[in-house]
Amino acid sequence: MPERFLYETHLHTSEGSACSMSTGAELAEAHKAAGYAGMIVTNHFFYGNTAVDRSLPWEEWVRRFCTGYKNAKAVGDKIGLQVFFGWESCYSGTEFLIYGLDENWLLSHPEIKDCSIEEQYSLVKSGGGLVVHAHPFRTAFYIKEARLFPEYVDAVEGCNATHNSPLSTSHKNPDFDAQAREYAARHGLPVTAGSDTHYTNLFMGGMVFERRLTGISDFISAVRGREAVEYRDGTEAFRQ
């Protein structure tokens with residue numbers, strides 16, 4: 001059997017997300033110990049559940065927002081875990097995972113903070129990034145209804161281990177994922193899989209590839225090319 005590489009694609013650190021209980025460094029250690037090849041830090045963005053003071057000037061806000069990723073990457077570089085950067089934007093509970101852009105891009109594009117969903121898609125695409133609708137059918141106290149924007153996303157999070165893992169204590173509903181995968185298929189969109197990790201008790205979701213990714217741009221190419229051989233939801237693996 002070919003060698004396989006597991007990547008966590010949806011992860012929050014305490015430096016950037018107010019709801020996270022673990023630092024970037026701690027999460028890097030945990031993912032390496034659990035057998036992951038890499039992880040993508042996707043902290044809550046400006047209007048989400050950010051841990052960073054919104055009253056700060058944009059440059060300082062961005063610097064602090066990126067701290068969890070930097071701390072994770074510093075540890076990852078030492079222990080052999082790939083760590084990539086992304087974020088999770090929020091529009092009144094509707095959330096999107098953004099991949100492929102970096103700290104310098106954020107510093108140069110303060111307008112991203114107040115973009116509409118349509119404007120976000122255009123701006124991210126123009127920068128070479130990828131927009132993924134995170135857990136599109138989840139409802140909760142902060143998500144009053146499922147709102148769908150198939151024309152403004154590149155992919156759909158079809159497996160979120162928080163919905164399925166026996167270790168999860170919130171948002172437990174496998175139907176959220178079943179609906180997401182059906183929605184993606186209906187619109188011909190690729191799917192992603194992640195855990196929505198907030199602490200070191202990992203739910204073991206993610207995407208499995210038969211090669212080691214070279215970076216976040218390569219991850220985007222792999223998503224677009226539907227290269228994943230497994231999409232893990234914390235209990236089982238799916239194929240698209």
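On a predicted model such as this, the values are computed, not experimentally measured, just so you know.
Side-chain atoms of Glu95 and His133 form no donor-acceptor pair, as typed in the model, at a separation below 3.5 Å. Residues Asn160 and Asp233 bring no donor and acceptor atom of their side chains to less than 3.5 Å of each other. With hydrogens and angles left out, the side-chain atoms of Glu103 and Tyr69 include no donor and acceptor closer than 3.5 Å. With no hydrogens or angles considered, no side-chain donor-acceptor pair links Tyr142 and Asn49 at under 3.5 Å.
Rounding to the nearest 0.5 Å places CE of Met207 at 11.5 Å from OH of Tyr7. To the nearest 0.5 Å, the span separating CD1 on Ile98 from CZ on Phe45 amounts to 8.5 Å.
The pair Glu29-Lys32 fails the salt-bridge criterion, with no side-chain N (NZ, NE, NH1 or NH2) lying under 4.0 Å from an Asp/Glu carboxylate O. Ionic pairing of Glu182 and Arg186 is present here: one or more N-O contacts between side-chain nitrogen and carboxylate oxygen are shorter than 4.0 angstrom.
At least one donor-acceptor pair closer than 3.5 Å links the side chain of Thr67 to the backbone N or O of Arg64. Looking only at distances, a side-chain donor or acceptor of Ser108 sits under 3.5 Å from a matching main-chain atom of Asn104. Of the possible polar contacts, one joining the Glu15 side chain to the Gly24 backbone as a donor-acceptor pair under 3.5 Å is found. Using modelled atom types, one side-chain atom of Gln179 and one backbone atom of Asp175 make a donor-acceptor pair closer than 3.5 Å. Under a 3.5 Å cut-off, the side chain of Ser195 and the backbone N or O of Thr197 do not form any donor-acceptor pair. With hydrogens and angles ignored, the 3.5 Å screen pairs no side-chain donor or acceptor of Trp87 with any backbone N or O of Cys66. In this structure a side-chain-to-backbone donor-acceptor pair under 3.5 Å is present from Arg147 to Tyr91. Between the side chain of Ser17 and the backbone N or O of Cys19 there is no donor-acceptor pair closer than 3.5 Å. Tyr231 places no side-chain N or O within 3.5 Å of a backbone atom of Gly194 that could act as its donor or acceptor partner.
Gln82 is not listed as a side-chain neighbour of Met39, based on a closest heavy-atom distance of 4.5 Å or more. Considering only heavy atoms from C-beta on, Glu157 comes within 4.5 Å of Leu97 through its side chain. With a 4.5 Å cut-off on side-chain heavy atoms, Val75 and Leu81 do not count as touching.
Between His109 and Trp105, the ring planes are parallel. Angles under 30° get that label, and only those over 60° would be called perpendicular. Between Phe85 and Phe65, the ring-plane angle classifies as perpendicular under the 30° and 60° cut-offs. Using a 30° and 60° split on the angle between ring planes, His171 and His163 fall in the perpendicular class, above 60°.
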Item to complete: For the pair Asp218 and Arg211, evaluate salt bridge (charged side-chain N to carboxylate O under 4.0 Å, His left out) and give the outcome as yes or no after the intermediate values.
Response: CA-CA 11 Å; Asp218 193 27; Arg211 64 184 180 85; 2.6 Å; yes
Discussion item. Between Asn71 and Thr23, does the side-chain hydrogen bond (donor to acceptor under 3.5 Å, both in side chains) criterion hold? Intermediate values first, please.
Written reply: CA-CA 8 Å; Asn71 291 343; Thr23 66; over 6 Å; no
Item to complete: Go through the steps to decide whether Arg138 and Asp196 satisfy the test salt bridge (charged side-chain N to carboxylate O under 4.0 Å, His left out), and finish with yes or no.
Response: CA-CA 12 Å; Arg138 177 189 293 176; Asp196 212 346; 3.0 Å; yes
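Shortest non-hydrogen contact noted between Lys125 and Asp154 is NZ-OD1, 3.2 Å.
The 12-atom threshold is not exceeded at NZ of Lys78, counting heavy atoms of other residues, nucleotides or ligands nearer than 6.0 Å.
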